[in-house]
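This report refers to the structure that appears directly beneath it.
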Amino acid sequence: MGAVPVSLISTVKDAALEVGAFLDSLRAQTRPPDEVVIVDGGSTDGTLEILRAEEGITVLHEPGANISRGRNRAIAHARHGVIACTDADCVLHPEWLARLLAPIEAGADVAMGVTEPIAEGFLQACLACVNMPGPEELDEATFMPSSRSVAYRRSAIEAAGGYPEWLDVGEDMYVDHRFRELGLDMRLAREAVVRWRLRPDPVSTFRQYVRYARGDALAGMHPERHAIRFATYGGLLYAWGSRSRVLRLLTVVGGLAYARTPLTRAARRFSTPRQRAMAALAIPAVMASLDAAKIAGYLAGLAAGSPGRRGAPASEGGPAQP
């Protein structure tokens, strides 16, 4: 079908330390976007001034806008029929946009790019092993892309109802579910890579996953996945509260099976035997911590009730997050 004009959109808040690398990677694109629209949700750290000093970018300032509201406003302002979406604290591979647009130009409704971690320490590297599969692991039929690395036709996002402004976290997964329900043509652009900085410490990481799980509960997403997690840990507590050695042994075997995929990633990603051994000890603890965060967040979301479900009218959300 040939090249199509594309609007690149993004949201940002208080990312002054990261936005320079994003802008550098945007300038380095082998296929530049035809326009760039960025919505700032109320930065107070100089991010807004950095963006406004950059030529060729339309910056919309909307204090208090959450990510969904920011993306919806950027889409409404964008001129073109194809939208590429990322976050302004990411680093784009030089060929990210060219590779991401290839499925769209071949007729797809949605092109699903991938995210790779920027891991600046051992803990972050272990976290990436737990929750960030490599591009080679992804299945096009089931993959749910982050809106850090996705492109879609305007008709697709309009059919999905836009981003849910009543949902502060998990808004991209919500839209992915709508895309799947609508039966849209979603194709994987496995080599369209953005790199994303993980949270810098265990406390902020724990809070992040509490918020993710709370968003799942509010939006009614992944109930089966969370039910399995509750049942698994409930069974674990029962087994270790009993006197049965067999049950305890079964929990150890089950735990090893549960951690198999992250441990396999660690074996590939860590370069020395010592690092691999340390990761083998750390990864189960990281997994348990994240599961505790998800359990706490999901319960909090259930207790809060649902401000909206799929197909519900949008309402104003909370403050934007980077």
Considering residues, nucleotides and ligands other than Arg225, do more than 12 of their heavy atoms fall under 6.0 Å from its CZ?
-> no
Is the shortest heavy-atom distance from the side chain of Tyr163 to the side chain of Ser147 under 4.5 Å?
-> yes
Do the non-hydrogen side-chain atoms of Val150 and Asp172 ever get within less than 4.5 Å of each other?
-> no
Spacing of CG belonging to Leu8 relative to CG belonging to Leu97, to within rounding of 0.5 Å | 6.5 Å
Only residue of Val19, Val59, Val12 satisfying side chain to side chain contact (heavy atoms under 4.5 Å, CB included) with Leu48 is Val59
Gap between atom CZ of Arg190 and atom CZ of Arg99 - 0.5 Å precision = 13.0 Å
Quick one: ring-ring contact (aromatic ring centres under 6.0 Å, His included) pairs with a partner in residues 271-290, sequence neighbours left out?
-> none
Do Glu95 and Glu191 come close enough that some side-chain heavy atom pair is under 4.5 Å?
-> no
With distance as the sole criterion, is a donor-acceptor pair present between the side chains of Tyr174 and Ser68 under 3.5 Å?
-> no
When you check the gap from the basic side-chain N to the acidic O, do Arg71 and Asp87 get nearer than 4.0 Å?
-> yes
Closest heavy-atom pair and its distance - Cys129, Arg265 = O-NH1, 2.7 Å
Test item: Thr205 and Leu123 side chains (from C-beta on) under 4.5 Å apart, heavy atoms = no
Do Ile157 and Phe179 come within less than 4.5 Å of each other through their side chains, counting heavy atoms only?
-> yes
Looking only at heavy atoms, the pair that brings Arg148 and Cys90 closest together is CD-SG, 3.8 Å
For the pair Asn72 and Val39, evaluate side chain to side chain contact (heavy atoms under 4.5 Å, CB included) and give the outcome as yes or no after the intermediate values.
-> CA-CA 10 Å; Asn72 286 341; Val39 175; over 6 Å; no
Could I get the full list of ring pair (Phe, Tyr, Trp, His ring centres under 6.0 Å) partners for His93, not counting sequence neighbours?
-> none
side-chain hydrogen bond (donor to acceptor under 3.5 Å, both in side chains) pairs, two or more places apart, involving residues 114-123 | none
Side chains of residues 266-274: which donor-acceptor partners sit under 3.5 Å, not counting sequence neighbours?
unit_1 : atom_1 : unit_2 : atom_2 : d
Arg268 : NH2    : Glu136 : OE2    : 3.4
Arg268 : NH2    : Glu137 : OE2    : 3.4
Arg269 : NH1    : Ala128 : O      : 3.1
Arg269 : NH1    : Met132 : O      : 3.3
Arg269 : NH2    : Met132 : O      : 2.7
Ser271 : OG     : Gln275 : OE1    : 3.1
Thr272 : OG1    : Gln275 : N      : 3.1
Thr272 : OG1    : Gln275 : OE1    : 3.4

For the residue pair Pro145 and Ser149, what are the closest heavy atoms and their distance?
-> CB-O, 4.3 Å
To the nearest 0.5 Å, atom CG of Asn66 lies from atom CG of Leu167 at 8.0 Å
Residues that Phe22 engages under ring pair (Phe, Tyr, Trp, His ring centres under 6.0 Å), provided they are two or more places apart | none
Cluster question for you: counting only ILVMFWY and a side-chain heavy-atom cut-off of under 4.5 Å, with indirect links fine, are Leu198 and Met278 together?
-> no
Enumerate the residue pairs fulfilling side-chain hydrogen bond (donor to acceptor under 3.5 Å, both in side chains) with a member in residues 48-58, sequence neighbours excluded, ordered by first and then second residue.
-> Arg27-Glu54
Evaluate the side-chain proximity of Ile104 to Arg153: yes if any heavy-atom separation is below 4.5 Å, no if none is.
-> yes
Can you measure from CG (Asp176) to CD (Glu171) and round to the nearest 0.5 angstrom?
-> 10.0 Å
Checking side chain to side chain contact (heavy atoms under 4.5 Å, CB included) for the pair Leu290/Leu127: CA distance, chi angles, key distance, verdict?
-> CA-CA 9 Å; Leu290 295 185; Leu127 177 64; 3.4 Å; yes
Output, in order, the C-alpha distance, side-chain angles, deciding distance and verdict of side chain to side chain contact (heavy atoms under 4.5 Å, CB included) for Thr86 and Trp96.
-> CA-CA 11 Å; Thr86 189; Trp96 170 72; 4.0 Å; yes
Ignoring hydrogens and angles, tell me if any N or O in the side chain of Arg154 forms a donor-acceptor pair with the backbone of Ile75 under 3.5 Å.
-> yes
Criterion side chain to side chain contact (heavy atoms under 4.5 Å, CB included) on Arg187 and Glu140, from CA distance to verdict = CA-CA 6 Å; Arg187 303 186 197 177; Glu140 183 175 74; 3.6 Å; yes
Taking atom CG of Leu263 and atom CE of Met287, what is their separation to the nearest 0.5 Å?
-> 7.5 Å
Check whether any side-chain heavy atom of His177 lies under 4.5 Å from a side-chain heavy atom of His222, and answer yes or no.
-> yes
Shortest non-hydrogen pair, Ala192 vs Leu100, comes out as CB-N, 3.7 Å
State the CG-CG distance between Leu17 and Asp45, to the nearest 0.5 angstrom.
-> 7.0 Å
What's in the same ILVMFWY side-chain cluster as Ile228, cut-off under 4.5 Å, chained through other members?
-> none
pair Leu51-Leu23: side-chain heavy atoms closer than 4.5 Å | yes
For residues 38-69, the ring-ring contact (aromatic ring centres under 6.0 Å, His included) pairs (sequence neighbours left out) are none
Residues that, via side-chain heavy atoms closer than 4.5 angstrom, fall in one hydrophobic cluster with Val91 = Ile118
Main-chain N/O of Thr44 paired with Asp14 side-chain donor or acceptor, under 3.5 Å = yes
What pairs of residues pass the side-chain hydrogen bond (donor to acceptor under 3.5 Å, both in side chains) test when at least one of them lies in residues 73-84, not counting sequence neighbours?
-> Glu35-Arg79, Glu62-Arg73
Residues, nucleotides or ligands: over 12 heavy atoms within 6.0 Å of Tyr233 OH | yes
Not counting sequence neighbours, which residues clear ring pair (Phe, Tyr, Trp, His ring centres under 6.0 Å) with Phe206? List them please.
-> none
Minimal heavy-atom distance between Ala78 and Val37, with the atoms involved, is CA-CG2, 4.5 Å
Salt bridge (Lys or Arg N to Asp or Glu O under 4.0 Å) contacts in which one or both residues fall within residues 289-298, not counting sequence neighbours = Arg229-Asp291
Work out which heavy atom in Asp109 is nearest to a heavy atom in Ala156; give both atom names and the distance.
-> O-CB, 4.1 Å
